[in-house]
Amino acid sequence: MRLILDTATMVAAIRSDAGASRRLLVRALERRFTLLASVPLMIEYQAVMTRPEHLDASGLSADEVDVLLDAVAAVAEPVRLAFLWRPTVRDPDDDMVLEAAANGRADAIVTFNVRDFQGAAGHFGVKVLAPGEAWKALEAER
């Protein structure tokens, strides 16, 4: 399965060790599925995950988040953005997620913001799944 984890999913993964977002991130690092990432998405991950409120909630330092993101970059399949579609999603920050999914031929975008992505992602044949749904789909493949 080829997945894009949106920024909120990555933030949830560091803030809670009990949720589907964390399990997905761990499986990505174990290369149990193909994690896709573009340069703009990796920059967004770093900018958001190192905000003070997320560092406080996660108990991580900015340096530790950077080490985690280095590991993510090492296992992720890089997505070259050959085509850009803007604006497509209601939130302009979400366009980079959709563009990475479309250019990377993702099976799904994993997000808590399912409703905002569904119409646009469907035009590219990309499913939109909440983290719990994505986890169940990965488990069903085993």
Side-chain angles (χ1 to χ4, degrees), residues 1-60 62 64-142:
M1 185 175 282
R2 299 169 63 78
L3 300 177
I4 294 274
L5 304 182
D6 81 343
T7 306
T9 302
M10 291 291 288
V11 168
I14 65 168
R15 290 180 62 120
S16 171
D17 60 359
S21 297
R22 172 71 65 91
R23 291 192 301 269
L24 289 168
L25 178 56
V26 169
R27 291 298 186 267
L29 293 170
E30 295 171 342
R31 297 178 184 215
R32 301 275 182 99
F33 66 89
T34 302
L35 178 64
L36 303 169
S38 65
V39 170
L41 189 55
M42 291 297 297
I43 292 168
E44 164 108 338
Y45 287 166
Q46 199 275 336
V48 175
M49 291 169 71
T50 57
R51 289 180 183 163
E53 64 269 24
H54 300 313
L55 295 175
D56 290 343
S58 69
L60 298 173
E64 290 169 323
V65 170
D66 287 344
V67 168
L68 172 62
L69 291 175
D70 285 346
V72 168
V75 300
E77 181 178 306
V79 175
R80 183 176 160 272
L81 300 177
F83 297 99
L84 303 178
W85 295 275
R86 297 202 178 202
T88 306
V89 185
R90 186 170 47 151
D91 180 351
D93 289 337
D94 290 337
D95 281 328
M96 79 172 77
V97 175
L98 180 62
E99 289 166 350
N103 282 282
R105 300 175 330 278
D107 294 311
I109 294 169
V110 181
T111 181
F112 293 100
N113 195 12
V114 172
R115 189 178 68 208
D116 285 352
F117 276 103
Q118 272 183 324
H123 292 294
F124 298 99
V126 177
K127 294 178 187 172
V128 182
L129 302 173
E133 294 171 316
W135 176 253
K136 288 177 187 171
L138 280 176
E139 288 296 292
E141 285 187 348
R142 295 174 105 190

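Nothing here was measured: the structure is a model prediction, and the numbers come from that model. Side-chain atoms are counted along with the backbone in the values below, which use heavy atoms only and exclude waters and symmetry mates.
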request  = Step by step, work out the salt bridge (charged side-chain N to carboxylate O under 4.0 Å, His left out) result for E133 and K136.
outcome  = CA-CA 5 Å; E133 294 171 316; K136 288 177 187 171; over 6 Å; no
Discussion item. Using side chain to side chain contact (heavy atoms under 4.5 Å, CB included), reason through E141 and F33 one step at a time and then give a plain yes or no.
Written reply: CA-CA 10 Å; E141 285 187 348; F33 66 89; 5.9 Å; no
Please determine whether side chain to side chain contact (heavy atoms under 4.5 Å, CB included) holds for the pair L68 and M49, giving the CA-CA distance in whole Å, both sets of side-chain angles, and the decisive distance to 0.1 Å.
CA-CA 10 Å; L68 172 62; M49 291 169 71; 4.1 Å; yes
Between T34 and L36, does the side chain to side chain contact (heavy atoms under 4.5 Å, CB included) criterion hold? Intermediate values first, please.
CA-CA 6 Å; T34 302; L36 303 169; 4.0 Å; yes
Would V97 and I109 count as a side chain to side chain contact (heavy atoms under 4.5 Å, CB included) if you check the C-alpha gap in whole Å, the side-chain angles of each, and the deciding distance to 0.1 Å?
CA-CA 8 Å; V97 175; I109 294 169; 3.8 Å; yes
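When all heavy atoms of A76 and A37 are compared, the pair lying nearest together is CB-CB, 4.0 Å. Closest non-hydrogen pair, F112 versus A8, comes out as CE1-O, 3.8 Å. Taking each heavy atom of A130 and V114 in turn, the nearest pair found is N-CG2, 3.8 Å. Taking each heavy atom of L24 and P131 in turn, the nearest pair found is CD1-O, 3.6 Å. The two atoms that bring A28 and V75 nearest to each other are O-CG2, 3.6 Å, heavy atoms only. Contact between V65 and I14 at its shortest, heavy atoms only, is CG2-CD1, 4.4 Å.
Between Y45 and L5, some side-chain heavy-atom pair lies under the 4.5 Å cut-off. With a 4.5 Å cut-off on side-chain heavy atoms, M10 and V72 count as touching.
Partners of R32 according to the side-chain hydrogen bond (donor to acceptor under 3.5 Å, both in side chains) rule, which considers only residues two or more places apart in sequence or in another chain, do not exist here. A71 meets the side-chain contact (heavy atoms from CB on, under 4.5 Å) test with L29; sequence neighbours excluded. Qualifying side-chain contact (heavy atoms from CB on, under 4.5 Å) partners for A62, counting only residues two or more places apart in sequence or in other chains: T50, L55. Scanning for side-chain contact (heavy atoms from CB on, under 4.5 Å) contacts around V39 gives I43, with sequence neighbours left out. Under the rule for a side-chain hydrogen bond (donor to acceptor under 3.5 Å, both in side chains), the partners of E139 that lie at least two apart in sequence or sit in another chain are R142. With sequence neighbours left out, S38 forms a side-chain contact (heavy atoms from CB on, under 4.5 Å) with P40, L41, V79, L81, A100.
Looking only at distances, no side-chain donor or acceptor of S16 sits under 3.5 Å from a matching main-chain atom of A12.
Atoms OG1 and CG, from T111 and L98 in turn, are 11.5 Å apart once rounded to the nearest 0.5 Å. From L129, atom CG reaches atom CD1 of I4 across 12.5 Å, with rounding to the nearest 0.5 Å. A distance of 10.5 Å separates CG of L138 from CZ of R23, quoted to the nearest 0.5 Å. From R80, atom CZ reaches atom CG of N103 across 8.5 Å, with rounding to the nearest 0.5 Å.
For residues 64-73, every residue pair satisfying the side-chain hydrogen bond (donor to acceptor under 3.5 Å, both in side chains) rule, not counting sequence neighbours, is listed here: Q46-D66, S61-E64. For residues 1-21, every residue pair satisfying the salt bridge (Lys or Arg N to Asp or Glu O under 4.0 Å) rule, not counting sequence neighbours, is listed here: R2-E77. Applying the salt bridge (Lys or Arg N to Asp or Glu O under 4.0 Å) test to pairs two or more places apart or on separate chains, none has a residue in residues 46-60.
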